[in-house]
Amino acid sequence: MTTPLTRRQRYEQRTKRRSFAIAAASTIVVLAAVVVLLPMTSGWQKVRHSFFDGSILRFSLGHMLGPFWYDVQIFLWCAPCILLGGLSLAFARNVRSPALFPLRLFSTIYTDVFRGVPMVLWITLIGFGVPGLLQSRNLGRAVIWGSVALIAAYSAYVGEVFRAGIESVHESQRAAARSLGMTSTQTMRHVILPQAIRRVVPPLMNDLVSLQKDVALISILGPVEVLRQAGIDKAKFFNFTPYVAAAVLFLCVSVPLTRTTDHLLQRERRRTGATAVR
Amino acid sequence: MTDAAAAGETDAGRTAKLELDSVVKRFGQRTVLDHVDLSVAESEVICLIGASGSGKSTLLRCCNLLEPIDDGAIYLDGVDISEPGLSTDPIRRRIGMVFQNYNLFPHMNVLRNVTIGPMKVLGQSTAVAQVAAHELLAVFGLADKARAYPDQLSGGQQQRVAIVRALAMKPELMLLDEITAALDPELVGEVLDVIRGLKQERMTMVLATHEMSFAREISDRVAFLDQGVVCEIGSPQQIFNDPVEPRTRQFLQRVIDAGRL
Amino acid sequence: MRRSARLGTVMFIAAATLLAACGSDTKDAAVPTTTDPAATVAGSAASSAATTTAATTTAATTSTPTTSAPTAAGATKATATTAAPATAALTSAAATTTATTAATTTAAKIAVNPATCVAGKTLTAGKFTVATGNPAYSPYVIDDKPESGKGFESAVTYAVAAKMGFKNADVVWVRTGFDEAIAPGPKSFDANIQQFSVTADRAKVVDFSLPYYTTNQALVTTKTSKFAKPKSMADLKTAKLGAATGTTSLTFITGVIKPTSAPQVFDDNAGAAQALQNNQIDGLIVDLPTAYGIVNGGGMTDGNLAGQFQRLSTEPGDQLAYLITKGSPLTECINGALKQLTDDGTLAKLATTWLAQGTDGVPIVPRG
């Protein structure tokens, strides 16, 4: 049943085999270098005990799950709010009506200000500042205002991503939708946004993954989340292994997250034809 | 005709389906339409010919209110639709438009492309819109493409879907902007057949086109545009065989020299 | 699709390598008596007996051929257990005495002359490089100027340096964060002084000198707080408490006070004080001198030093010591100096000068 391969197929097979061999060889060389050379460095024993202490790693992983779940929860309620906030900002920056110029001005200034200041400062300023004004145990909870700071600042980043996506959809799509009699809202909702969002999923994932890491900054305000717990354990044992444990936990979430999105995107791309997303 | 009533007072003197009265359109310093007058009667087919940049596309886009005009007026059924501040959406739904580059929605399949207008704009139910869409697609030989995405179709098929999408809105008038210009030569015929079919159905149409022989065949009247001005308008026989204006003659000569007529 | 699969493989290999590195670590661990951290975390603050045992074990097993005597920290702790029941120390001055007594009993073992000991053992010949925090807090260092000699830790350091034969000008101050102090690799200091508390777990990783001070944990609240005058520790069960990260104060909350709501943990005492001001927490747990510094040093507008916690006779208290690189030959020299300073009463005098005035008479919050 074997049909003879064409010249092209033979060539491709050869190339594939060679590139696979190169990839395998280079991986092995790098790993070998890590496994063989690293222990030969003079500080390896110390570093290994400071960063890769097996018993501390097991201990940390075990009792960091609770604090890490706290991180995940904060992420889970912040992410949708940020997406909504970012989208609203993107709309506000896209308004064309002269009457709504103040809205556009506001959103532009907002974006500049919130992107221009490091996250840590926003968390500190909002997280300690607002509860100071409120003087209320319930309304002044660190997690509330920490989340607000995260949402406020990240919306500015995400808003720009959405705006870029919206502007990347060609004007002719708007013309086509409007010529059918669709209102500008319907055009945005059914024609522009679906295409824009597909385009910005990769940069959006970037922001979400870094949000997942920045959630840890809320610890400045008092709550014990995973990074703080790692710091406490570090101070207890005078050993950095808890940080490695925290890193492992973060990877456990962010790697599947990014892989899944990539996979979904690719499936979507195949479904709508190879060049549907131009 | 509630929309028409809402749009403004009907001018009893204007009986044409679509009428342009001294329309001016500028892009910055450049005047693209310079006091254009044009009147399209019910069921009439008018072809706009002229060199690239003569204002054909802009004229069509102005008729559909995609571009606001700077001066003059546009009447649909005798109602001034160019009144600034007028809600444009109810007017646009009465006018179908087809673009040179199809402008299908790439993230929707053919059926969705065709039903989105009737469903979102006319408020039809999914079932009603889909039945109508399937009928239209079948008429234009696209019955088996309902589930396909635009990128899986040939240019001719895409342009036919675009026409179906416009027709699904049951427009009173169609504006067709160089609809064969982006097509491979062997695919032009299938799209022109569709237009011939529409003429049979007595659809009012304004076409911007480079297909001179087709314009001669299908038009009731042909308008020659040059530098934003309607230079000459008349029957196809008169324009193509016996043009009055020297500029019309020059243009046609160039077309003949290029072997396009 | 294929690329992502390959990426997954690489990540898997990386993870496996990491785990392998950690796994092999336990097999040929340098310290054969590695205490299970899970066991120690439960017992460290609550039961001092367990802690002390662990410390002693560590000291015994880690003593290197170069040091003839057991590591100072371990030795002191071992003695502290025997000495403590006799003197149930409650005030900070008395606490210092405990440490003093402890050191005296081990005097025979640490017969090192600090003046002749240091030659060739410091980072820079003829200089004593000492690290402190950035910033350094009052009353341990006044005005963040360790070179002024003002503030308890600054004064102690100049006294220790003098005993080791250094002139004041030979003392070089550097700054380190907490992480820098405990990171592997070469250090920028001979000794690090920023209220490091001695614990058994930490002593596995670094050397501690003899303690230069022993303190109690204290509670700071706002003046109007309902926890402003606690009658006993039990009153604080319902309080929302805060502490700075990595401190024994935090261990004290979770291990001893055990309030019903989880403690809030801050980068430093400034953040904790702010949260207290904001009414986000009811109280802040810190060591007694620091508590005095926060309440009186302008850190808070309506701070209230609510009390210091009673220490049980079985507990060594919060012992502050110099942090020194593991196995450093300098440790015994510093210990020799500290012993002399204890013997001649200098440490006690310095403590009175810099710490006692504010902390004397602070009400004691009994257990129960």
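No hydrogens, no waters, no symmetry mates; every other heavy atom, side chains included, goes into these values. Throughout, protein chains are lettered first and strands after them, A, B, ... in sequence-line order, and every chain is numbered starting at 1.
Contacts between A:Q186 and chain B at a heavy-atom distance below 4.5 Å involve the side chain alone, from C-beta outward. Proximity to chain A is limited to the backbone of B:I95, based on heavy atoms less than 4.5 angstrom apart. Contact annotation for B:R61: only side-chain heavy atoms (C-beta onward) come within less than 4.5 Å of a heavy atom of chain A. For B:S87, no part sits under 4.5 Å from any heavy atom of chain A, backbone or side chain. Neither the backbone nor the side chain of B:R147 comes within less than 4.5 Å of any heavy atom in chain A.
Applying the ring-ring contact (aromatic ring centres under 6.0 Å, His included) test to residues at least two apart or on different chains, none of the pairs has a partner in residues 87-106 of chain B.
Heavy atoms only, all atoms of each residue included: B:L104 and A:Q173 are closest at O-NE2, 2.8 Å.
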Practice task
Quick one: do B:H107 and A:H190 satisfy side-chain contact (heavy atoms from CB on, under 4.5 Å)? Show the steps, please.
Solution key: CA-CA 10 Å; B:H107 58 295; A:H190 298 291; 5.9 Å; no
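Between atom CZ of residue A:R174 and atom CG of residue B:L66 there is a gap of 11.5 Å, rounded to the nearest 0.5 Å.
Judged purely by atom type and a 3.5 angstrom limit, A:H170 has no side-chain atom pairing as donor or acceptor with the backbone of B:N103.
Using a 4.5 Å heavy-atom cut-off against chain B, the contacting residues of residues 177-185 of chain A are A:A177, A:R178, A:S179, A:L180, A:G181, A:M182, A:T183.
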